[in-house]
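What follows is one structure encoded as C-alpha cells, with my remarks underneath.
Atoms considered below: every heavy atom in the structure, side chains included; atoms not considered: hydrogens, waters and symmetry mates. Index from 1, following the sequence.
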Amino acid sequence: MTRLICGVDVSGETLDCRLGQDGPCLETARTAEGIGRLARFCREHAVELVVMEATGAYERMVFSLLWEAGIACAIVNPRSVRRFAEAMGFLEKTDRIDAGQIARYAEVKGIVAQEPASPSQQRLRALVTRLRQLTDLSVAQANQRRLVEEPDVLEGVEELLKLVKRQIRKLEAQIAELIDSDPLWRAFDEAFRSIKGVADRTVARLMADLPEIGTLSNKAIAKLAGLAPMAKDSGKRKGKRSIRGGRTSVRSILFVVASVVSRHNADFKDFHQRLSVEGRTKKAVRIAVARKLLVRLNAKAREIRHTFANAT
C-alpha cells in the first residue's frame with residue numbers, strides 16, 4: 001500500500017501542507033500553536049510521514065515539535081525536489097504546489113523518517129557553528145585593523161577583537177568539556193588526533209557536522225562530504241569528473257587539515273607526491289588527499305563503533 005505522506009512547504013511565517021500531490025491542504029502559522037494544528041491534521045488523516053525541505057533553519061522548530069508530538073518527519077534537499085517537479089512537468093510554482101511536490105518526491109524517492117539529533121548533538125552543533133562564526137569574524141576584524149589609522153576607530157576594533165577572543169576561548173572550553181563527557185566522542189577524539197595534524201577543532205567539526213562518520217561505507221561518507229568525483233560519461237565520451245554538493249563545512253576544514261597532515265605523515269606525503277608526479281592538477285591532488293584523510297578517519301570511527309557495540 002502507498003504510504004500517506006504530508007508535504008510541508010516552510011516559510012518564515014507560515015506552513016503550507018498537503019497530503020500527497022493532490023490531497024487536502026492546510027495552511028497554518030509557523031508557531032507552536034500552528035504546528036500543533038498540523039499535528040492534529042496529520043493524526044486525523046493517518047499520515048505516516050511528514051516531509052519538509054531544508055530552508056536554512058525555519059524547518060528546525062517544525063521538525064522538532066512534530067517529533068515531540070509523535071509525528072515522524074524527514075527533511076529533504078530543496079534543489080532535488082525542484083528538479084523532480086520540473087522533470088514531472090510542474091514548471092509553475094506556488095506554496096501549495098510545492099507542498100504537493102514535496103510529498104510526491106518523498107513517495108517516489110522512498111524517503112524514510114529521520115530521527116532528531118540528541119540534545120548533546122544539537123548543543124555540540126550549535127557551539128561548533130558559533131565558534132566558526134566567531135573565528136571568521138576575528139579574521140575579518142584583524143584584516144580590517146591593518147587598514148585603520150584613526151585612533152578612536154582602532155580602539156573600537158581592538159575592543160571587539162578582545163571580546164571575540166574571550167568568547168572563542170569560552171566556546172573551545174565548552175566544546176572540549178562536552179566531548180569529554182561522552183565516552184564515544186572521547187574515543188573518537190583520541191583516535192582522530194592520533195593522526196598528526198588533526199587537532200581539536202577538526203574533531204569537533206566532524207562530530208558536529210558529520211555524525212554519520214563510522215556508520216557509512218568509505219564511498220558513501222566521501223559522497224556525503226562532497227569529496228567523491230562524479231562520473232560524467234556518455235557512450236565513448238569520458239567526461240571530466242568533478243566534485244559537487246555535500247557538506248561544505250566538513251569539506252572546507254578537511255581541505256585545510258589534509259594539507260597539514262600530508263606534511264607530517266609519511267603515507268599521506270607519499271600519496272601527495274605520487275599524484276603530483278603523475279601530473280594531477282593541484283586541485284585534484286588537494287581533493288584526493290582530503291578524501292584519503294576522511295576515509296582514514298571513517299575507518300577509525302567504524303572500529304570504535306564496533307568496539308562499543310560489542311562491549312554492550
Side-chain angles (χ1 to χ4, degrees), residues 12 54-61 63-64 116-214 225-226 246-265 286 290 293-294 297 300-301 304:
T55 60
Y58 288 138
E59 79 284 356
R60 292 177 187 171
M61 180 174 71
F63 183 82
S64 176
S118 65
S120 58
Q121 180 70 44
Q122 293 179 34
R123 184 165 187 262
L124 178 62
R125 186 178 298 149
L127 291 173
V128 169
T129 298
R130 186 55 182 161
L131 177 60
R132 183 171 68 248
Q133 293 168 346
L134 289 178
T135 301
D136 292 342
L137 177 60
S138 178
V139 171
Q141 289 297 310
N143 290 336
Q144 292 170 11
R145 179 178 55 182
R146 293 200 295 265
L147 305 175
V148 174
E149 297 180 357
E150 175 60 40
D152 290 340
V153 177
L154 186 60
E155 182 182 353
V157 174
E158 294 285 0
E159 184 178 346
L160 178 57
L161 277 171
K162 290 178 182 178
L163 173 62
V164 170
K165 288 178 180 178
R166 285 199 304 271
Q167 292 191 1
I168 285 176
R169 288 194 296 269
K170 181 179 179 181
L171 284 169
E172 288 175 337
Q174 290 174 327
I175 290 170
E177 182 181 356
L178 185 58
I179 290 175
D180 192 57
S181 67
D182 186 290
L184 180 63
W185 286 352
R186 191 164 60 247
F188 281 170
D189 182 53
E190 182 179 350
F192 292 170
R193 293 175 70 169
S194 67
I195 301 175
K196 194 171 182 180
V198 176
D200 49 359
R201 288 202 181 193
T202 307
V203 175
R205 182 79 64 87
L206 289 172
M207 292 180 187
D209 296 343
L210 197 65
E212 300 89 348
I213 194 164
R247 297 183 184 172
T248 306
S249 63
V250 174
R251 185 170 60 253
S252 61
I253 197 168
L254 285 175
F255 280 150
V256 175
V257 175
S259 64
V260 178
V261 170
S262 63
R263 292 198 297 268
H264 297 287
N265 297 268
R286 188 185 184 196
L293 174 59
L294 177 59
L297 293 168
K300 288 181 176 293
I304 292 169

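Between the side chain of Glu59 and the main chain of Thr55, a donor-acceptor pair closer than 3.5 Å is present. Side-chain atoms of Asn143 come within 3.5 Å of backbone N or O of Val139 as a donor-acceptor pair. No donor-acceptor pair closer than 3.5 Å links the side chain of Gln121 to the backbone N or O of Pro119.
When all heavy atoms are compared, the tightest approach of Arg247 to Pro211 is NH1-CD, 4.0 Å. Across every non-hydrogen atom of Ala225 and Val250, the tightest pair is CB-CG1, 4.2 Å. In terms of heavy atoms, Ser138 sits closest to Ile168 at CB-CD1, 4.3 Å. Nearest heavy atoms, Thr202 versus Ile253: CA-CD1, 3.7 Å. Of all the heavy atoms in Phe255 and Ala290, the pair that sits closest is CD2-CB, 3.7 Å. Contact between Phe192 and Leu297 at its shortest, heavy atoms only, is CE2-O, 3.4 Å.
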Query raised in the report: Can Arg251 and Leu254 be said to form a side chain to side chain contact (heavy atoms under 4.5 Å, CB included), step by step?
Result: CA-CA 5 Å; Arg251 185 170 60 253; Leu254 285 175; 5.8 Å; no

Query - Chi angles and distances behind the side chain to side chain contact (heavy atoms under 4.5 Å, CB included) call for Gln174, Leu171 - result: CA-CA 5 Å; Gln174 290 174 327; Leu171 284 169; 3.6 Å; yes

Query - CA sep, side-chain torsions, deciding dist, call: Gln122, Ser64, side chain to side chain contact (heavy atoms under 4.5 Å, CB included) - result: CA-CA 11 Å; Gln122 293 179 34; Ser64 176; 5.7 Å; no

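Taking CG of Asp200 as the reference point, atom CZ of Arg205 lies at 11.5 Å (rounded to 0.5 Å). Put simply, CG on Asp189 and CG on Leu206 are 11.0 Å apart, with the number rounded to the nearest 0.5 Å. Residue Glu190 holds its CD atom at 10.0 Å from NZ of Lys300, rounded to the nearest 0.5 Å. Leu154 CG to Leu147 CG: the interatomic distance, rounded to the nearest 0.5 Å, is 11.0 Å. To the nearest 0.5 angstrom, Lys165 atom NZ is 13.0 Å from Leu134 atom CG.
Scored by the side-chain hydrogen bond (donor to acceptor under 3.5 Å, both in side chains) test, Glu155 finds no partners at all (sequence neighbours excluded). Annotation: side chain to side chain contact (heavy atoms under 4.5 Å, CB included) contacts of Ala204 (sequence neighbours excluded): Val128, Ile175, Ile179. The side-chain hydrogen bond (donor to acceptor under 3.5 Å, both in side chains) search around Arg169 returns none, not counting sequence neighbours. Every side-chain hydrogen bond (donor to acceptor under 3.5 Å, both in side chains) that Ser118 has, sequence neighbours left out, goes to Ser120.
Among residue pairs with one or both ends in residues 117-145, those qualifying as salt bridge (Lys or Arg N to Asp or Glu O under 4.0 Å) are Arg132-Asp209, Arg145-Glu158; sequence neighbours excluded. Within the structure, the salt bridge (Lys or Arg N to Asp or Glu O under 4.0 Å) test picks out the following pairs touching residues 170-186 (sequence neighbours left out): Glu172-Arg201.
The shortest distance between side-chain heavy atoms of Leu161 and Val157 falls below 4.5 Å.
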